[in-house]
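Reading through the structure tokens given below for one structure.
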Amino acid sequence: MFFITKQLLSIFLLMLSGWGYAQPSPQSIELAKIVPIADVHMHTYQQNPRSATWWREMMDANGVQWGGAVGDYREDVQAELGNRYIPAVGQPEFFKVFFKDGRSGLTDPENETFKDLYARSEKLFAAGKIKGFGEFHTDNHSSGAPRIRRSIRADNPAMRQFYGITNKYGGFVQIHAEFDGDFEKDILNLSADYPNTTTVLSHCLSSKDAAKVAIILSQRKNIVCELSSLGAVHLNRLNIPRSPHAFDSGGLYGNWIKFIEAYPDQVMLGSDPCCGLDASYSEIIGELRTSVLPYLSPATMEKVANKNAVRIFSLKNN
């Protein structure tokens with residue numbers, strides 16, 4: 001006799017669901033305007049940076065209570081934001097290794113840059129100053145700027161060192177990847193071998209097909225994803241010649257509504273103000289408040305906006 005699990009049924013329904021819009025209620029629209037947001041893809045680069053005060057003022061102006069989880073760690077931002085900061089390390093080093101040593105360097109735990117990063121991060125974790133690593137681009141062969149594109153196996157010796165460190169401290173690793181069978185196998189193995197580590201999938205795998213993300217999230221509670229760069233603002237501001245993946249000015253696509261409501265505890269929000277988009281920060285957050293949040297049920301909206309991040313990253317108010 002054939003049995004179908006709840007997870008398989010939800011994935012099947014996602015595959016069948018259309019791309020149409022649902023209409024949010026007036027109550028949802030109003031709640032989406034004021035619900036506090038945790039921005040878990042908020043780059044505050046050290047190179048040519050905005051000031052720490054600028055970031056606080058932008059967060060305050062847009063109802064963003066917490067931010068970070070990617071990019072290079074900044075002590076000045078941490079001092080300015082206090083418990084509102086989600087500090088992470090590793091992206092500058094990951095790029096440095098890639099540009100110097102290529103794809104092979106990214107899998108080598110004996111790489112000197114990585115060895116220095118392992119030692120530094122251990123001290124920062126022990127001191128309670130960071131919560132994780134990221135954003136690590138393991139596969140961005142069609143979702144990154146041409147000069148930074150690469151594809152490596154996510155389960156590799158260097159990555160296992162990062163997971164081993166975060167596993168000791170209940171931390172996270174945020175990974176920018178694209179879905180295929182190898183990545184599914186690798187990320188499931190890593191999440192099983194390091195159960196105290198949360199994997200955050202940047203941009204929900206940069207896919208239009210929410211069912212692909214569901215395949216992974218349905219199998220592991222310690223894998224989550226965030227919704228940055230899936231809408232129209234990034235495409236328009238960066239002149240990217242493709243259509244939005246999950247939402248546009250008409251709202252959140254039907255297959256994504258079904259996906260998020262099926263996995264309400266495993267989806268979060270992000271802005272991804274990379275590549276000069278920090279100047280459009282208010283517009284990006286506004287897009288999330290008008291084109292994403294109102295289309296979710298109130299309970300799911302609050303989880304996606306902030307409650308999931310508060311739980312996953314152990315966030316507190318100042």
Side-chain angles (χ1 to χ4, degrees), residues 31-44 52-91 121 124-135 162 165-175 194-204 217 221-228 260 263-273 281 284-285 288-289 292-293 296 298-318:
L31 178 59
K33 292 177 181 178
I34 61 173
V35 64
I37 285 176
D39 180 354
V40 304
H41 201 116
M42 193 181 83
H43 293 290
T44 60
T53 301
W54 185 90
W55 280 108
R56 179 182 54 76
E57 290 174 348
M58 290 304 296
M59 291 170 67
D60 290 346
N62 289 283
V64 176
Q65 182 62 31
W66 302 273
V70 287
D72 42 337
Y73 170 63
R74 283 179 58 177
E75 289 186 343
D76 61 329
V77 174
Q78 189 167 54
E80 183 72 29
L81 295 180
N83 290 329
R84 298 174 65 184
Y85 188 42
I86 311 171
V89 294
Q91 188 177 61
S121 64
L124 290 170
F125 268 114
K129 291 187 174 182
I130 62 171
K131 294 178 180 288
F133 295 105
E135 163 194 17
F162 291 118
I165 293 170
T166 53
N167 202 62
K168 288 193 295 184
Y169 297 98
F172 70 90
V173 179
Q174 182 158 179
I175 294 178
Y194 302 97
N196 294 328
T197 294
T198 297
T199 299
V200 181
L201 303 178
S202 298
H203 325 300
C204 289
L217 267 56
K221 295 298 185 183
N222 62 338
I223 302 179
V224 301
C225 79
E226 59 85 19
L227 294 166
S228 67
I260 297 169
Y263 301 96
D265 299 316
Q266 292 171 267
V267 182
M268 298 181 289
L269 294 182
S271 63
D272 192 18
Y281 190 75
I284 294 169
I285 298 300
L288 295 175
R289 289 193 182 277
V292 176
L293 292 177
L296 304 174
T300 298
M301 184 195 306
E302 291 188 313
K303 288 181 177 182
V304 171
N306 63 71
K307 288 185 176 179
N308 290 339
V310 169
R311 183 189 76 251
I312 291 165
F313 302 120
S314 300
L315 302 179
K316 301 175 182 178
N317 287 302
N318 278 342

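In this chain, residues are counted from 1 in sequence order.
Side-chain atoms of E135 do not come within 3.5 Å of backbone N or O of I175 as any donor-acceptor pair. With hydrogens and angles ignored, the 3.5 Å screen pairs a side-chain donor or acceptor of R74 with a backbone N or O of T44. Using modelled atom types, no side-chain atom of E226 and backbone atom of V40 make a donor-acceptor pair closer than 3.5 Å. Looking at D272, its side chain never comes within 3.5 Å of a backbone N or O of H41 through a donor-acceptor pair. The backbone N or O of K316 lies less than 3.5 Å from a partner atom in the side chain of W66, making a donor-acceptor pair. Listed for the R84 side chain is no donor-acceptor partner under 3.5 Å among the backbone atoms of R56. For N167 (side chain) and N196 (main-chain N/O), a donor-acceptor pair under 3.5 Å exists by modelled atom type. For N308 (side chain) and M268 (main-chain N/O), no donor-acceptor pair under 3.5 Å exists by modelled atom type.
Distance check: N62 CG to I284 CD1 gives 10.0 Å after rounding to the nearest 0.5 Å. To the nearest 0.5 angstrom, Y85 atom OH is 10.0 Å from I130 atom CD1. For the atom pair CG of L293 and OG1 of T300, the computed distance is 11.0 Å after rounding to the nearest 0.5 Å. Note that OG1 of T53 and CE of M58 are 13.5 Å apart. Values are rounded to the nearest 0.5 Å. Between atom CG of residue N83 and atom CG of residue N317 there is a gap of 8.0 Å, rounded to the nearest 0.5 Å. Distance check, rounded to the nearest 0.5 Å: CG of L81 to CG of D76 gives 9.0 Å.
Contact detail for S271 and Y281: the closest heavy-atom pair is OG-CE1, 3.3 Å. A pairwise comparison of heavy atoms in A309 and A38 identifies CB-CB, 3.5 Å as the closest pair. Here the closest heavy-atom approach between residue N306 and residue P36 is recorded as ND2-O, 2.7 Å. Residues S228 and G270 share a closest heavy-atom pair of CB-O, 3.2 Å. Between A305 and L269, the shortest heavy-atom contact is CA-CD1, 3.9 Å. In terms of heavy atoms, V35 sits closest to M301 at CG1-SD, 4.4 Å.
Between I37 and M59 the shortest side-chain heavy-atom distance does not fall below 4.5 Å. By the 4.5 Å heavy-atom criterion applied to side chains, L315 and K131 are counted as neighbours. You'll find the side chain of F125 reaches within 4.5 Å of the side chain of T166, heavy atoms only. Contact annotation: the side chain of N222 never approaches that of T197 to less than 4.5 Å [non-hydrogen atoms, C-beta and beyond].
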Report task. Apply side chain to side chain contact (heavy atoms under 4.5 Å, CB included) to the pair V304 and V292, showing each step before the final yes or no. Result -> CA-CA 10 Å; V304 171; V292 176; 5.5 Å; no
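Considering T198, V200, I86 in turn, V200 is the only one that fulfils the side chain to side chain contact (heavy atoms under 4.5 Å, CB included) rule with Q174. Screening F162, Y169, F172 for a ring pair (Phe, Tyr, Trp, His ring centres under 6.0 Å) involving F133 leaves a single residue, F162.
Considering only residues two or more places apart in sequence or on other chains, D265 meets the salt bridge (charged side-chain N to carboxylate O under 4.0 Å, His left out) condition with K303.
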